[in-house]
Each structure stands twice: as structure tokens, then as C-alpha cells.
Amino acid sequence: MQSWDVIIAGGGSAGLSAALSAARLGARTLLLERETKLGGMGVNALVHTFCGLFHPDVSRPWEWLNPGIPREIGQTMMERTGQIQPDLMGRVYVLRQHPGVFALVADEACAAEKSLTRLSGTEWIGLRQVEGGWEVDFVSRGVLKTCRARAMVDCSGDATGARWLGKEFWIQAEPGRLYRPAYVCQLNGITGSHEDGWRLQTGAMIVKGIKAGDLPEAAMAAQFRDSPFAGEMFLTIDLEAGGAGWDPFDPQKRAEAEAEGRRAALGLWRYLRKHHADFAGSPPPVFPTQAGIRETARYRGDVFVTGDQLAACTRFEDEAALAGWPMEKRENARGPKFRFFDEPRPAGIPAGCLRNARLPGLYFAGRCLSADHEALASLRVMGTCMATGEAAGRMASGHAART
Ligand SMILES: Cc1cc2nc3c(=O)[nH]c(=O)nc-3n(C[C@H](O)[C@H](O)[C@H](O)COP(=O)(O)OP(=O)(O)OC[C@H]3O[C@@H](n4cnc5c(N)ncnc54)[C@H](O)[C@@H]3O)c2cc1C
């Protein structure tokens, strides 16, 4: 059986950063990713803006919030996409990111680390606490394997390890409140400039299509965002996906959500091609590998960060990273409800919400971290996930070096 210093499960924003940070500190690190590309939702669900990378005070010029890997990935994204600054959108700075570029940047960053091994197409399927660390089962391209690690970081986005370890370690909001899934697709060959007037006109056209019965109700919440590359846009459609009966762990409901998303996106593309001159030459949409899942389950760690703490810009002695994105609550498909921090200052994310003293050597980051439903609405964004991932990777490599 192979032994590693650190195993990271999940190679999204958090897992990529955790793997890079552990490997750069010298830990022999294994990164397991179910899909064939790293980047998580930012690649496989085509989520196309990095939020949480910048200081929340927009009355000042933009500045990076967390140094280290979030800044490194953000800077590389800017260079590769030709952006010299983030976009100011109301009260927040955001950086447009390109899923294809993110996948490449992730590959290159990992390939540069000699002590990091990546296994893509690899599903993590089991976890046991053993003498001196953790035993991890996975299926890699059809082959069942078990490895050992002194430390482990769960960056699966779903608190997968916590669900195996027992109810006392995991938290999930009630189904009706879970942040709604959404379907994002990439549209090419779109002409015109997409200012506010364009959005209003396109929105009015969609409402007309819904009233005439030519478009599904889901099209009402359609959002268009320009890619950093000319002629390309991303279309996001929020899904009700079963309403109060939504269960992101039910395979059938997940499959239905994917199919609903594809139907809605294709219907909208067909309708706009017919009625909107700017879409007339657009080829069929590029579908994502998976629908975007905003919330599933989290760990219960030593500390449980709450929305009220974030709003009060609370700082902690054992701070692992900083949060600056407002709580963007999407409990239905009618758009977000924002709760901004009381002051335009960052809040701290304590190290205690990335570990549980009863699980030595096990860490969690990204969407898996220990926080309430409201705090997750801020902490789940990719810039913040990179920061918590980097911190968890550092903690895991420190643990491995000590044991
Ligand atoms: C529709 C939508 C819009 C969003 N908009 C924005 C936005 O504009 N800006 C922003 O910053 N954030 C946005 N987010 C949030 C953000 O994309 C996610 O919260 C973030 O990607 C979470 O990062 P993560 O690394 O924790 O998890 P993920 O990105 O979910 O990555 C988890 C990774 O783990 C892998 N994995 C899971 N289970 C296993 C397993 N058993 N074995 C192996 N691998 C496994 C998955 O394949 C995945 O690659 C949005 C999310 C959605 C769904």
C-alpha cells in the first residue's frame, strides 16, 4: 500500500490550492479528482467569475484580499485573458475567469510541483482513521486502490468524509433552504455590445417568449455575462430543481436537474437565435460537464462561523484566511438576496473551522468548511475557497511533518 504525507480529495478551487500549498511545503501529496479536469465548479460547471479575491471596500482602488495562491491564480487569469483590472459591479469587485484557461492554469501549476501527484478520473470512495493517519479508498479509471496518508484534506465540496464518519461531523441545511442549483452554458458567435440597455431589451424579449408559451418559466432568471473573449457569453439559468424536495445527494434528482438545465438552455438559445439579431449566427451552446451545485453539506469543526460574525467583520486570533464577499443567498430561482458586511472590511476565517480536534490530521476547506448556511453564502465563492484550501493544505503538511 502506497503512503503519502497528504492526500487531497477533490481538485476544485479549494483542492487545487490545498494541493499546491501542501506540495510547496515539501509534503508528498496526492490529489484525487473525479473529473478529468481540475477546477471544480469553475471548470466543470462553467462558473465564470472569481468572487472573493478582492478587498471589500470598493471606494478604494482594488487590492488582493488574500496573498498567496488566490492572488497567484487571479493574476495568472488576468494575464491569460488580457484583463488589467477586475470589474466593479455595484458594491463588489469581480474578476471574469475563463473555465478553459482555469483548467490549463491548474494543470500547469500542478505539473510544476515535483512532490505533487495528480490522479484525475479518480473517485474517492472510502475513509478510515488508522494508527498514524488515514486510509483512503478510491477508484482510479476503474481500478480500486487504497492508500495511506498522515494527513487528509476533504475538498470534495460535499463534506464526503464527514458523511462517512458520522452524523456528529456533518451539517446540512433543510432541503427547502438549500441554495438552488443552476445550469451554465457557453454561447459563442454573439455580436453587439452588451450594455444595460441590451440586457433590458433581451430580458423583455424573454418575458414575451415565456408569456407566449415559447419558453419555460426557468428562462425568467436567465443571466448573460460576457466572457473575457470577444463574441463569447455565459448563460446562467437558476433551477428550482424540485423545490422543497430538492436533494443534491439523490442521483435521480441530480440527473433530472441536468436534463432540466439542458432543456432550458437549448430552448432559450433556439428562441434567441430566431428573435434576437445578435444571436443569429450563434452555434449550439457548449454544455457543462455538470450542473452547478451551490450547496450540499459541510463539516462541523472546532469552530462554526456564522453569518452574523461575518456581517460584523469579526476577526479571530487563529485566522486562516480572510472573507470579503457579501452573503449571496440564493434560496430560490428568482435571484439572490444579498447581506453585505456592516462595514466595508474583511472578516476572519478561523483555522478552527477547517479542522475538528476529534479527527486529528483531517482538514476540510472550500464549500466543506464549518459554517452556518448564511455564512456559506459568502465563504463558498472561489476566491475564498482558494484561500481556505491553501490554509488547509498548509495545516495538513504541518501535521504530516510533526507525526
Ligand atoms: C451556478 C453557480 C454560480 C456560481 N457563481 C460564482 C461566481 O460567480 N463566483 C464565484 O467565485 N463562485 C461562484 N459559485 C460558487 C463556486 O463555484 C463554488 O462554491 C466553488 O467552486 C466551491 O469550490 P470547492 O473547491 O469547495 O468545490 P468544487 O468547485 O465543487 O470542487 C470540488 C471538486 O471535488 C471533486 N469531487 C467531489 N467528490 C469527489 C470524490 N468523491 N472523489 C474525487 N473527487 C471528488 C469534484 O469533481 C470537484 O472537482 C457559483 C456556484 C454555482 C453552482
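Residue numbers start at 1 and run along the sequence shown. Values below: all heavy atoms of this structure, side chains included; hydrogens, waters and symmetry mates excluded. We count ligands from 1, going down the list as the structure has it; atoms in each ligand are counted the same way.
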Lys/Arg cation over aromatic Phe249: Arg163, 6.0 Å, 45° cone: yes

Do you see a donor-acceptor pair shorter than 3.5 Å between the side chains of Gln186 and His48? no

Tabulation required: pairs of a nitrogen or oxygen in ligand 1 and a protein nitrogen or oxygen under 3.5 Å; columns are atom names and distance to 0.1 Å; otherwise 'none'.
unit_1   : atom_1 : unit_2 : atom_2 : d
ligand 1 : 8 (O)  : Thr49  : OG1    : 2.6
ligand 1 : 9 (N)  : Thr49  : O      : 2.6
ligand 1 : 11 (O) : Thr49  : O      : 3.4
ligand 1 : 11 (O) : Cys51  : N      : 2.9
ligand 1 : 11 (O) : Met382 : N      : 2.8
ligand 1 : 19 (O) : Arg380 : O      : 2.6
ligand 1 : 25 (O) : Ser13  : N      : 3.2
ligand 1 : 25 (O) : Ala14  : N      : 3.0
ligand 1 : 26 (O) : Arg367 : N      : 2.9
ligand 1 : 29 (O) : Met41  : N      : 2.9
ligand 1 : 30 (O) : Arg367 : NH2    : 2.9
ligand 1 : 38 (N) : Arg34  : NH2    : 3.4
ligand 1 : 41 (N) : Trp124 : O      : 3.1
ligand 1 : 42 (N) : Trp124 : N      : 2.8
ligand 1 : 44 (N) : Arg34  : N      : 3.1
ligand 1 : 47 (O) : Glu33  : OE2    : 2.6
ligand 1 : 49 (O) : Glu33  : OE1    : 2.6
ligand 1 : 49 (O) : Glu33  : OE2    : 3.1

For the residue pair Arg300 and Phe304, would you count it as a cation-pi contact if the rule is NZ or CZ under 6.0 angstrom from the ring centre and within 45 degrees of the ring axis? yes

Between Asp214 and Lys208, does a salt bridge (Lys or Arg N to Asp or Glu O under 4.0 Å) hold up when you go through it step by step? CA-CA 9 Å; Asp214 294 337; Lys208 205 169 144 196; over 6 Å; no

Listed partners of Ala106 passing side-chain contact (heavy atoms from CB on, under 4.5 Å), at least two apart: Leu16, Leu38

Hey, what's the ring geometry for Trp124 with Trp164, parallel, tilted or perpendicular (30° and 60° as the breaks)? perpendicular

